[in-house]
Amino acid sequence: MFWKLRLPLMLTFIVGLVPIVTFFLTERVWGVAFVRDRVEQYMVIITGFALLLGVVNVVQGNIRKIERRKPGWPFAVSLLLGLFVMGAFGILSAARVGPFQSILTAPDGSDTPFYWMTRHLFNPLQAAMFSLLAFYVASAAFRAFRVRNVEATILLTAAFIVMLGRTPLGEYVFSWLPNGETFLPWVTEWIMAVPNAAAQRGIIIGAALGAAALSLRVILGIERSYLGIREK
Amino acid sequence: MPETWYDPSRCGAPLVVLLVFCFFVLLFINLARRGRKLFIRRIAGIAAMEEAVGRATELGRKVLYLPGGGTLDDIQTIASLAVLRHVAGLTARYTVDLDVPNKDPLTFAATRDTVHEAYLQAGRPELFHPEMVHYVTYDQFAFSASVTGLMVRDKPAAIFLIGAFHAESLLMAETGQSVGAIQIAGTAEVTQLPFFAVVCDFTLMGEELFAAGAYLSGEPAMVGSIKGQDFTKAGLILYIIVGILLEIFGIHWFRDFMTIQ
Amino acid sequence: MNLERLVQVDRRIVYLLIALGTLIPILKPIGFAVSTTPPVENFFAKVESLGGDDAVLVSFDYGPTTAPECDPMAEAVLRHCFTRGIKVVVVALFPLGGVTMAGEALEKIVPQYPDLVEGEDYVFLGYKDGAQATMKQMGVAFSGVFPSDQEGTPLDELPLMTQVLNYANIALVVSIATNVIGEWWANLVNAQFGTPVAVGCTAVSAPKYYAFLDSGQMLGLLGGLKGASEYEQLLIDRYPALEPIYSKAGEYNAMKGMDAQTVDHAIIMLFILYGNGVYFLIRRREKREARLEQ
């Protein structure tokens with residue numbers, strides 16, 4: 001019980017108090033800077049070790065998939081290949097082993113294998129995934145924006161104004177009026193800076209209080225689900 | 001650097017707010033423990049969780065739970081673990097498959113423990129197998145690619161997207177929608193809330209996410225903390241109104257007092 | 001006519017039209033005019049007010065995913081600074097590719113200004129982990145977090161860095177950000193050190209930044225491709241000599257990207273109008289049927 005429950009709760013209480021207390025104290029107080037910096041550093045170190053746990057889990061899971069010839073097992077092969085090839089080049093470059101004397105550039109000015117893979121495989125794949133958002137936004141907007149009631153109509157109107165106002169189309173709509181080309185961009189800015197900012201602040205304040213209340217529950221040991229143990 | 005041992009600019013408004021907040025939260029926790037009945041409004045997204053798992057049981061398809069991309073120092077992830085515990089309890093009870101892919105390695109360790117414990121508590125430890133909670137990758141979009149692929153292949157009947165989500169939110173939620181899953185989302189990331197609100201069936205917005213664990217547990221101490229939080233919010237609204245009025249009348253000391261350096 | 005079927009457009013049709021709406025304007029630019037808005041004008045005016053004795057810190061807080069939106073911002077700001085002879089300190093705080101983005105932007109922009117001397121007119125300090133801690137530490141001393149530049153030259157051997165010791169010597173911080181790092185510049189560096197901060201961010205996160213703009217913690221904002229295109233337009237209007245760079249065929253920039261965004265927005269709006277039109281017909285039919293039943 002001590003190792004699984006009391007010790008973690010005690011540690012949570014102490015470590016949870018560190019950022020609160022150090023927020024109000026200056027570095028003139030002995031140990032403040034040391035403790036605060038250590039907590040941040042330990043987080044990085046613990047994450048590093050946990051990442052190792054993750055990598056082991058990925059390798060085990062995918063090897064199992066290949067062994068059992070589960071559906072899609074060739075993808076597991078490509079995953080492991082990518083993991084080991086890129087990982088090996090990265091580690092060799094970071095450790096400056098043999099011909100791998102730099103992470104980014106080889107002595108002749110060309111890209112190292114690791115950097116080449118980053119630039120020509122990793123980066124385009126990342127950008128491709130992100131660009132899918134354009135398609136998804138379009139199909140989600142088509143489905144969601146319906147004039148069902150007053151609130152939905154207000155939402156749709158605001159969305160239309162912002163979509164128009166964020167493009168040159170917004171300038172053409174009222175360009176027949178004197179100085180009309182600035183009208184829709186101006187309304188767009190107003191929507192963003194006033195109703196949008198007000199709503200965002202409301203949600204942010206509420207969420208911040210909710211986060212603080214949950215943090216307090218965690219620090220006081222009332223909320224324990226993150227420990228994977230019984231609540232009482 | 002200040003000459004004192006405390007930072008004077010931070011010991012004004014922030015300290016007052018902290019003390020008021022702690023006072024209200026502890027007061028209501030105490031009242032709740034003494035048996036005072038505290039009313040918390042019904043949150044539709046939480047009420048729908050059992051229905052979602054039930055639907056997965058009827059269809060014989062799995063439940064997919066995504067705890068977000070945050071690590072354990074993100075309080076949204078802690079809130080997500082509380083919800084995961086409840087969902088895992090339901091999947092154990094209904095004997096339906098659960099799948100929990102993880103992006104963050106620390107969160108992965110915690111989700112595995114949480115699910116394991118939930119199955120133990122539900123009295124179905126034999127249904128838990130370590131593969132149901134697995135690690136994918138630390139990279140945001142590689143993770144999205146993997147999870148959306150999983151959704152398309154496995155067609156889960158219920159998808160929970162609870163925690164810290166960023167640009168990947170719509171990628172996952174829209175794919176989930178395309179496979180016909182009932183989706184319950186929850187996040188405090190304001191930029192992602194519109195996406196979830198549009199695509200998912202239910203969305204826990206901001207503070208609702210943080211209240212979910214307490215709401216689900218029904219424990220007086222947990223519920224009391226939510227009540228305390230609400231009173232602090234009422235105090236802050238009063239603060240804002242007073243601040244606006246004082247500024248209108250050209251009195252600025254209140255604004256200066258509230259400024260943090 | 002089955003209206004229910006009409007309203008359920010196959011999402012692949014939407015995807016196809018969006019793909020065409022993006023591809024065609026990029027391959028064959030339309031050249032829509034760009035008007036400017038106050039958040040961008042304020043940003044531009046601040047850089048315009050600086051000169052050869054000032055230093056601007058440009059932080060690359062984004063990765064390759066958002067490069068189409070963020071690259072044009074970073075490039076326009078660097079061009080603006082170099083055109084005015086402002087000294088530039090470049091750092092990268094985004095872990096997944098920030099340093100690559102910074103390196104590529106400098107590789108592209110610096111050759112356009114042959115008189116620039118590395119170490120004197122600009123420095124590239126590279127990447128540092130722990131964004132918030134790094135920001136705080138830079139307020140005390142740059143050398144505390146970046147003992148050397150990206151190429152390993154110690155800071156005290158770089159003439160610019162012997163004058164720029166911390167935020168006190170920085171006239172403006174520009175963060176081109178894809179996630180929360182931009183916010184930290186506003187609510188940490190501006191709030192604690194008083195250094196003016198301007199942010200360029202993706203369109204999706206722009207709504208969040210308006211709160212910081214209103215509170216005065218940020219003096220300017222480039223919201224997505226639109227913000228970037230506005231900055232480019234202001235730059236061309238003020239420095240017509242830069243116009244050939246932006247009109248060069250085959251070179252991507254925000255103004256060209258805006259053509260695609262405009263067409264895509266129009267497609268989305270047309271789909272929404274279509275969906276609502278059919279929805280309206282369905283509701284009218286339902287009401288008529290209900291009346292008949294009564």
Side-chain angles (χ1 to χ4, degrees), chain A residues 36-37 40-41 43-44 104-105 115 118-119 122-148 156 159-160 162-172 181-182 184-186 188-189 191-194 196-201 204, chain C residues 7-9 11 14-15 17-19 21-22 30 32-39 63-68 96-97 99-100 103-104 129-130 132-133 150 203-204 206-208 210-211 213-214 223-226 229 258-259 261-269 271-276 279-280:
Chain A
R36 192 186 50 211
D37 294 348
E40 281 170 10
Q41 285 167 0
M43 187 69 201
V44 176
L104 302 181
T105 327
Y115 194 46
T118 305
R119 276 176 100 149
F122 180 73
N123 289 359
L125 285 170
Q126 291 263 314
M129 277 307 290
F130 188 72
S131 65
L132 286 179
L133 277 175
F135 303 98
Y136 288 7
V137 162
S139 70
F142 169 61
R143 269 200 329 275
F145 287 126
R146 292 277 189 277
V147 189
R148 288 194 177 91
L156 178 64
F160 249 78
V162 174
M163 272 194 277
L164 274 173
R166 299 296 289 174
T167 62
L169 283 180
E171 292 154 35
Y172 297 130
E181 63 273 10
T182 57
L184 259 186
W186 177 82
T188 302
E189 277 304 309
I191 289 173
M192 297 295 276
V194 183
N196 161 67
Q200 298 259 353
R201 281 189 185 134
I204 290 170
Chain C
V7 83
Q8 281 166 0
V9 175
R11 69 182 73 214
V14 181
Y15 295 166
L17 286 173
I18 290 292
T22 310
I30 302 163
F32 285 119
V34 176
S35 70
T36 55
T37 52
T65 48
T66 54
L96 288 167
V99 72
T100 318
E104 287 180 355
D129 191 24
Q132 277 181 305
Q150 174 72 358
V204 71
K208 189 170 56 173
Y210 275 85
L213 205 58
D214 276 356
L225 211 53
K226 172 76 164 75
S229 69
M258 273 311 287
D259 288 347
Q261 184 164 314
T262 306
V263 174
D264 283 341
H265 277 207
I267 292 170
I268 295 173
M269 284 189 285
F271 265 112
I272 294 172
L273 284 176
Y274 166 77
N276 277 287
Y279 179 69
F280 175 74

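Naming: A, B, ... by sequence-line order, numbering from 1 per chain.
Contacts between A:Arg143 and chain C at a heavy-atom distance below 4.5 Å involve the side chain alone, from C-beta outward. Heavy atoms closer than 4.5 Å to chain A are found in the side chain of C:Glu104, but not in its backbone. Using a 4.5 Å cut-off between heavy atoms, A:Leu132 does not touch chain C at all. With a 4.5 angstrom heavy-atom cutoff, C:Val204 does not touch chain A via any of its atoms. Heavy atoms of C:Leu213 lying under 4.5 Å from chain A are absent altogether. Contacts of C:Tyr15 with chain A are made by both backbone and side-chain atoms, with heavy-atom separations under 4.5 Å. Only the side chain of A:Arg201 comes within contact range of chain C, with heavy atoms under 4.5 Å apart. Contacts between C:Ala19 and chain A at a heavy-atom distance below 4.5 Å involve backbone atoms as well as side-chain atoms. Neither the backbone nor the side chain of C:Ala67 has a heavy atom closer than 4.5 Å to any heavy atom of chain A. With a 4.5 Å cut-off on non-hydrogen atoms, A:Asn123 touches chain C through its backbone and its side chain both. For C:Val99, no part lies near chain A; criterion is any non-hydrogen pair under 4.5 Å. A:Phe130 touches chain C through its side chain: at least one heavy atom from C-beta onward sits under 4.5 Å away, while N, CA, C and O do not.
Contact of the C:Asn276 side chain with the C:Phe280 side chain is not registered, since no non-hydrogen atoms from C-beta on lie closer than 4.5 Å. Residues A:Phe135 and C:Thr22 are not in side-chain contact: their nearest non-hydrogen atoms beyond the backbone lie 4.5 Å or more apart. Within the 4.5 Å cutoff, the side chain of A:Tyr172 has heavy atoms near those of the C:Phe32 side chain. Here the side chains of C:Thr262 and C:Ile30 are not in contact, with every heavy-atom distance at 4.5 Å or above. For the pair A:Asn196/A:Val162, no side-chain contact is recorded, criterion being any heavy-atom separation below 4.5 Å from C-beta on.
Here A:Glu181 pairs with nothing under the salt bridge (charged side-chain N to carboxylate O under 4.0 Å, His left out) rule; sequence neighbours left out.
Of the listed residues (A:Gln200, A:Gln126, A:Arg146, A:Glu189), the one with the most heavy-atom contacts under 4.5 Å to chain C is A:Arg146. Counting heavy-atom pairs closer than 4.5 Å to chain A, the top residue among C:Pro64, C:Pro207, C:Pro38, C:Gly103 is C:Pro207. Contact tally against chain A (heavy-atom pairs below 4.5 Å) for C:Ile267, C:Leu17, C:Val7, C:Leu225: the top residue is C:Val7. Residue with the most contacts toward chain A among C:Thr65, C:Ile18, C:Val14, C:Leu96: C:Thr65 (heavy-atom pairs, distance under 4.5 Å).
Contact between A:Phe145 and A:Leu156 at its shortest, heavy atoms only, is CB-CD1, 3.5 Å. Closest heavy-atom contact between A:Ala141 and C:Ile268: CB-CG2, 3.9 Å. Considering every non-hydrogen atom in both A:Pro185 and A:Glu171, the closest pair reads CG-CG, 4.0 Å.
Using a distance-only test at 3.5 Å, with no hydrogens or angles considered, a donor-acceptor pair links the side chain of A:Arg166 to the main chain of C:Gly223.
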